[in-house]
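Within every chain, numbering begins at 1; the chains are lettered A, B, ... in the order of the sequence lines, protein sequences first and strands thereafter.
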Amino acid sequence: MNSSLSEYLGWLRSIEKKWQKVWREQRVFEANPDPGKPKFFITVPYPYTNAPLHIGHGRTYTIGDIIARYKRLKGFNVLYPMAFHITGTPIIAISEMIARGDPKTLSRYESYIRMYVSDEERVKEILESFKDPYKLAEFFAENVHVDFEALGYSIDWRRRFHTGEPLYNRFVTWQYLKLAEKGLLSRGSHYVTYCLLHKQPEGEDDIEDADVNPVEIIEYTGVKFRLPGGEGVLIAATLRPETIYGATNLWVNPEARYVRFKMEGETLITSHKAFIKLQHQHPETRLELLEEFPGSMLLGKRAKSPLGVEVPILPAWFVDPDLGTGVVYSEPSDAPYDYIALMDLKRDKGLLAKYDLDPSIVDSINPIKIIEVPGVSGHYAQAIVESMGVRDQFDPKLEDATSIVYKEEFYKGYMIVEDPLVKGKPVREAREIIKRKLLESGDAISFLELNRKARCRAGGEIIVAKIVDQWFLDYTSPQLKKTLTDYIDKKLIVKPEKYKKAFIDSINWLEKRPCARKRGIGTRLPFDQEWIIESLSDSTIYMAFYTIVHKLREKGVSPDSLKPSLFDYVFLGVGERDKVAAETGLNPGFLEELRREFEYWYPVDLRHTSTPHISNHLSFYLIHHAVIFPEKYWPRAISLNEPVIREGAKMSKSKGNVINLRDIAEKYSADLFRLYIAWAANLDTVLDWRDRDVSSTAELMQKFTRIILDVIEGRCVSTGEDVVSRWFKSKFYKSVKAGEEALENLQVREYVQNVFFNIMNLVDRYRDIRGSTPCDIRSVVADWLRVLNPVIPHLTEELWSIMGGKTLLSTDHWPVDVEKYFDETAEVLVDEVEGVVEDVKSIVEAVKKNPREIYVVVASEWKRKVVELAEKGFELRDVIRELSKEIGPGKEKLIAEVYRAWRAGGVRREVTGIPVDLEVKALRDLSEYLGRKTGARIEVLLEEEAESRKIPKAEKSLPGKPGIYIVFEGQG
RNA sequence: GCGGGGGUGCCCGAGCUAGGUCAAAGGGGUCGGGCUUAGGACCCGAUGGCGUAGGCCUGCGUGGGUUCAAAUCCCACCCCCCGCACCA
């Protein structure tokens, strides 16, 4: 194994394919109920198949697989199933864009297909087929399956399905009947982002750039300004209704289109755009369009504010007819736009004359101060406009000016108007008070608008619309919340534990959630066929479906047989077998078999996924289980991991830095990926994929492989059984044990750290002590391969077979009885030797001379007695009295020194059990190593011998910590 | 704004829910040595400062506090990241 790294990786990839084939052909991971064996049912949410998966997904599935493989080695009957998610709108949206010939989508999907298909003809054909969303979904499902297999996941593929299948639809239908039965479904209206082109609600996924620049719905207050003589009511939309006290005039854009329309008996005036928006916000009300006219027609008229103040309508070009209502009231004291627009009119009288208005009309208009902000004197808008040097109402600096004033006043401003309603109140409170009052008195209407202009990916305008009779999942029941939060708090295992609170918060935060739409792939609501169940809501208890789906297929059961009564019987044990059999046309024995499958596998022992799922999918998963199933079938444990970034940056299509799972199998290696991903970060940490670290991991794997092969093929030196070999095995099995404990706690990184990195370091130390590779490493190789099998299953399987394993390692067992190798004595003694090396180095560094001879002096037997007595709790003087009886007087000072060293923690407790001659022997056995490390001749002496030879420092020796005397070069 | 998580040595990253055995695991990088025709790989060593004998000092965002003892506990402050719904 002296090949280059790339040759090594090529070899790895080849054995990976080989073992994947063996596992597949021998159906190693197909799991069937075995009443004699404990079961372990682990699931990871199925992926959404609209594109290839990347290494972030791979992290989650790999961790799931490591745990599945570990549990299998621990003797569990493990079921790890997988399916594919295709319901919802994104797949349809992509199909539509491909059908429409959107160049970006076409080229992206073409490149995706090329990842799996080399024949250019076929690529074109497949791309063409993507106009059918099911074809697209099935293509990626098929290839994600291929990718998963290439990573060595131990999945029972017989249970694979996708969520667009009729069989699955029947299951979801049953689920919704149950949810309705339990009172979880309700209807009501609510506001959504809505596309005028598609005439459909469209969310973040469908809106251009919404992933980077989110679209929010915000509420404006449409304040009514009444024209005299019933001529109409202008709706002036504002985010700051508290400024109504300072309103001096109205602004309309003279060049925009305005309309007059009837709504609930009132004649209203807004921009034409706003009229359309209002229509969508009031779908149950008829809005009658009366007249359309340019804004200039409104100029010069006077309208009365809700406060009874009459103000003129003036022209302003900054007014956007597509924002709010196209009518705004002017409050020049606090709004920079209003202030500058007023100044523009005062400065350029021609602007008004153009519309036949008397320019003097603006002379009497002046800002009215209504808000005080500490540190700001005069009118805030004026101050900021002047300090920023704003030229006119077209100056882009106005945006910044507005947001500064807005923020400052919100946090620090308070009202200085006379109205007792708000007098002295902070702006943020006054705003709410005024808004409520205006709405209640009918002096304002609510107007919903987006925080920014938005278009759908096909270019359609997005507005806010109200959806009536929307279906909701209603999670508001306090009793339900309590049941769940108690369960999560007391019974559900969450790893890492710090996420537990997030679950409880999430359950408490959930209210009503829309669960159906009129568009997308999915299952129709059983009681309202117009609606399609939304895709997160149809994927909450499907783990139950895994337990029987392969049986349904085996028997060729038709979807029509999957009546609700069948699921009632299989999943809930409700109903009579024979009646259900008659109703479904299925054999009663088969029904029992399905029931047994479910009863054996359920509940889910562990669901592993990534943290963004906590507040949605995982919460629904818990709630729906709690609502539908008895408690014994509720989820047992949930584990989570954070996402993956690359070289410090988020992976994204736009940056082009995504590493797809496909690349792993072809350019890296499955085992390398698994090892790196498991080791590179704790579950609760974002994993930063760094190529530099990946290749050093590969180098370590190669080194590991070389060591194993050297040992099993005899390129090693034989050594006898001695203190070092006992030390090696003890350390080795302690790491195994630590790795096991870590995995039991789902600390995957800690496990890899122990069984791979720490053992590699241990082997290095062992080889260093021996001076070459010792053959007795062989005695632990089998166990080493066993414990590494969950992370690097292919390589360990290969090495296992090379060393003569007749059965598959993946179905072998985890090491047992490892404690019998623990050997404290050997560890203490070898640590002592290494301690001597360390001490010598420290001395040499301080003295800055080269050592020639080193005397290593082992402490006298009586010093051990000091420690023994001290350990028993003897005071110093009692120790002295006790010992003097044995060794005679004259040693009091030395006894005191040993005692003090012990109290300072300088003596390991374990040494008291180790005879002095063992200590001497260990040091003598290892004196070759000591000499090699220190570059000096070593002589090991007992303290008494050293004393008689007058070796200095002899008296400094302590049990387990020899005295050291160094003769340096050039010294006598 | 509300809620959650975090700031550790040149870099990444453990440890911090049970305070001492932590100058602080592991990996990367850098430097020195070995091996080699050379490079790579591999092996050994160094990588806060000081020290003529195995030791001492300074240190884990900032500033306080509790304690015989704090990276670990408490308080305040600064900074960073994530979620906030109808979307998978």
Side-chain angles (χ1 to χ4, degrees), chain A residues 2-5 8 45 47-48 50 85-91 190-193 201-207 210-211 214 216 410-411 428 467 470-473 496-499 501-502 505-506 508-517 520 534-537 539 611-617 619 642-643 648 676 679-682 684-688 690 692-693 695-697 699-700 702-703 706 747 749-750 752-754 756-758 760-761 764 767-768 772 835-836 838-849 851 905-906 908 932-933 952-953 956 961-966 968:
Chain A
N2 283 317
S3 51
S4 74
L5 190 63
Y8 174 70
Y48 191 74
N50 65 335
H85 197 196
I86 76 165
T87 42
T89 52
I91 287 176
H190 90 302
Y191 294 96
V192 295
T193 46
E202 288 189 356
E204 188 180 289
D205 285 354
D206 302 314
I207 299 172
D211 46 337
E216 288 169 48
F410 181 78
Y411 291 113
R428 66 169 101 181
I467 302 297
Q470 167 72 51
W471 285 92
F472 290 94
L473 277 167
E497 231 163 300
K498 74 177 187 189
Y499 295 116
K501 190 168 171 356
D505 289 348
S506 168
N508 284 326
W509 162 82
L510 280 167
E511 288 175 11
K512 290 184 179 178
R513 185 192 159 85
C515 64
R517 348 171 66 186
E534 181 271 331
S535 64
L536 282 189
S537 310
S539 304
T611 51
H613 287 138
I614 295 174
S615 64
N616 42 64
H617 167 70
S619 290
E642 292 281 347
Y676 178 74
W679 160 81
N682 275 339
D684 61 358
T685 310
V686 174
L687 188 156
D688 188 5
R690 301 200 295 179
R692 179 59 262 194
D693 288 357
S695 52
S696 78
T697 305
E699 282 162 10
L700 260 178
Q702 186 178 17
K703 176 177 159 186
R706 199 184 54 240
Q747 294 169 307
R749 179 180 196 266
E750 180 83 4
V752 174
Q753 188 83 46
N754 273 293
F756 187 70
F757 288 87
N758 287 357
M760 284 297 282
N761 283 341
D764 275 346
R767 293 203 298 170
D768 190 25
S772 57
V836 170
E838 289 305 309
D839 285 351
V840 169
K841 273 184 198 155
S842 170
I843 295 164
V844 166
E845 201 185 306
V847 177
K848 295 187 177 66
K849 284 180 186 164
R908 284 175 69 169
R932 179 152 41 86
K933 284 278 148 186
K953 309 287 178 191
K956 282 199 78 170
K961 191 171 168 62
I964 296 167
Y965 176 68
I966 304 175
F968 294 97

Map A:Ser696 and A:Lys953 onto RNA chain B by nearest heavy atom, then report which one ends up closer to the 5' terminus.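 The 5'-side residue here is A:Ser696.
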
Which residue, A:His617 or A:Ala846, contacts RNA chain B at a nucleotide closer to its 5' end, judged by nearest heavy atom?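 The 5'-side residue here is A:Ala846.
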
Distance between the [atom1] atoms of [N] and [M], in whole angstroms?
N	M	atom1	value
B:U66	B:C75	P	15 Å
B:C77	B:G59	P	25 Å
B:G15	B:G83	P	24 Å
B:A70	B:U21	P	10 Å
B:G13	B:G65	P	32 Å
B:G20	B:U36	P	48 Å
B:G54	B:C68	C1'	27 Å
B:C42	B:G6	P	36 Å

Tell me every residue that passes side-chain hydrogen bond (donor to acceptor under 3.5 Å, both in side chains) with A:Asp684, counting only those two or more places apart in sequence or in another chain.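 Here the qualifying residues are A:Lys498.
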
Applying side-chain hydrogen bond (donor to acceptor under 3.5 Å, both in side chains), name anything that partners A:Glu642, two or more places apart in sequence or on another chain.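 Expected list: A:Tyr499, A:Thr611.
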
Can you name the nearest heavy-atom pair linking [X] to [Y], along with the distance?
X	Y	result
A:Ser535	A:His85	O-NE2, 3.2 Å
A:Pro90	A:Tyr48	CD-OH, 3.3 Å
A:Pro514	A:His190	CG-NE2, 3.6 Å

Between atom [atom1] in [X] and atom [atom2] in [N], what is the gap in whole Å?
X	N	atom1	atom2	result
A:Lys848	B:A53	NZ	C1'	12 Å
A:Tyr499	B:G4	OH	C1'	10 Å
A:Phe757	B:G26	CZ	P	11 Å
A:Glu497	B:G4	CD	P	17 Å
A:Asp839	B:A53	CG	C1'	10 Å
A:Glu216	B:C2	CD	C1'	13 Å
A:Phe968	B:G54	CZ	C1'	10 Å
A:Leu687	B:C82	CG	P	16 Å

Under 4.0 Å between a side-chain N or O of A:Ser535 and OP1 or OP2 of B:A88?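 A:Ser535 to B:A88 OP1/OP2: side-chain N or O found under 4.0 Å.
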
Phosphate-side-chain proximity, A:Ser4 and B:G40, N/O vs OP1/OP2 below 4.0 Å: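 For B:G40, OP1/OP2 do not have a side-chain N/O of A:Ser4 under 4.0 Å.
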
Evaluate the side-chain proximity of [Y] to [X]: yes if any heavy-atom separation is below 4.5 Å, no if none is.
X	Y	value
A:Lys961	A:Asp839	yes
A:Asn682	A:Gln747	no
A:Phe756	A:Thr697	no

Rounded to the nearest 0.5 Å, what separates atom NZ in A:Lys849 from atom CD1 in A:Ile843?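 The NZ atom of A:Lys849 sits 13.5 Å away from the CD1 atom of A:Ile843.
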
Could you measure the distance from the CG atom of A:Asp768 to the CG atom of A:Asn761? Nearest 0.5 Å is fine.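 It comes to 11.5 Å.
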
Quick one: which of [options] gets closest to the side chain of [X]?
X	options	result
A:Gln753	B:U52, B:A53, B:G26	B:G26
A:Lys498	B:C86, B:G6, B:A53	B:G6
A:Glu534	B:A53, B:G27, B:A88	B:A88
A:Asn761	B:G4, B:G27, B:A85	B:G27

Nucleotides 41-48 of chain B: protein proximity per nucleotide (B base, S sugar-phosphate only, - neither; heavy atom, under 4.0 Å): -SSSS---

Over all strands shown, is [X] touching base, sugar-phosphate only, or nothing at heavy-atom distances under 4.0 angstrom?
X	value
A:His85	sugar-phosphate
A:Tyr965	base
A:Glu511	base
A:Trp509	base
A:Ala502	nothing
A:Pro962	base

Pull out every protein N or O sitting under 3.5 Å from an N or O of nucleotides 7-9 of chain B, one pair per line with the distance.
none

Which residues satisfy the salt bridge (Lys or Arg N to Asp or Glu O under 4.0 Å) test with [X], sequence neighbours excluded?
X	value
A:Arg749	none
A:Glu534	A:Arg513
A:Asp505	A:Lys501
A:Asp693	A:Arg690

Taking ring pair (Phe, Tyr, Trp, His ring centres under 6.0 Å) as the test, write out the residues that go with A:Tyr965, two or more places apart.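 So A:Tyr965 forms no ring pair (Phe, Tyr, Trp, His ring centres under 6.0 Å) with any residue.
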
Could I get the full list of side chain to side chain contact (heavy atoms under 4.5 Å, CB included) partners for A:Ser619, not counting sequence neighbours?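 Partners of A:Ser619 by the side chain to side chain contact (heavy atoms under 4.5 Å, CB included) criterion, ordered by chain and then number, come out as A:Ser506, A:Ile507, A:Leu510.
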
Secondary structure of RNA chain B in dot-bracket form (Watson-Crick or G-U wobble, distances below 3.5 Å, | marking inter-strand pairs): ((((((((.[[[..)....(.....]]]((((((.......))))))(((....)))...[[[[[..)....]]]]])))))))....

Nucleotide N/O of nucleotides 12-14 of chain B paired with protein N/O under 3.5 Å:
unit_1, atom_1, unit_2, atom_2, d
B:C12, O4', A:Arg690, NH1, 3.4
B:C12, O4', A:Arg690, NH2, 3.4
B:G13, O2', A:Arg749, NH2, 3.0
B:A14, OP1, A:Asn682, ND2, 3.4
B:A14, OP1, A:Thr685, OG1, 2.7

Ring centres under 6.0 Å, that's the criterion: do A:Trp679 and A:Phe757 meet it?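 For A:Trp679 and A:Phe757, the ring centres are under 6.0 Å apart.
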
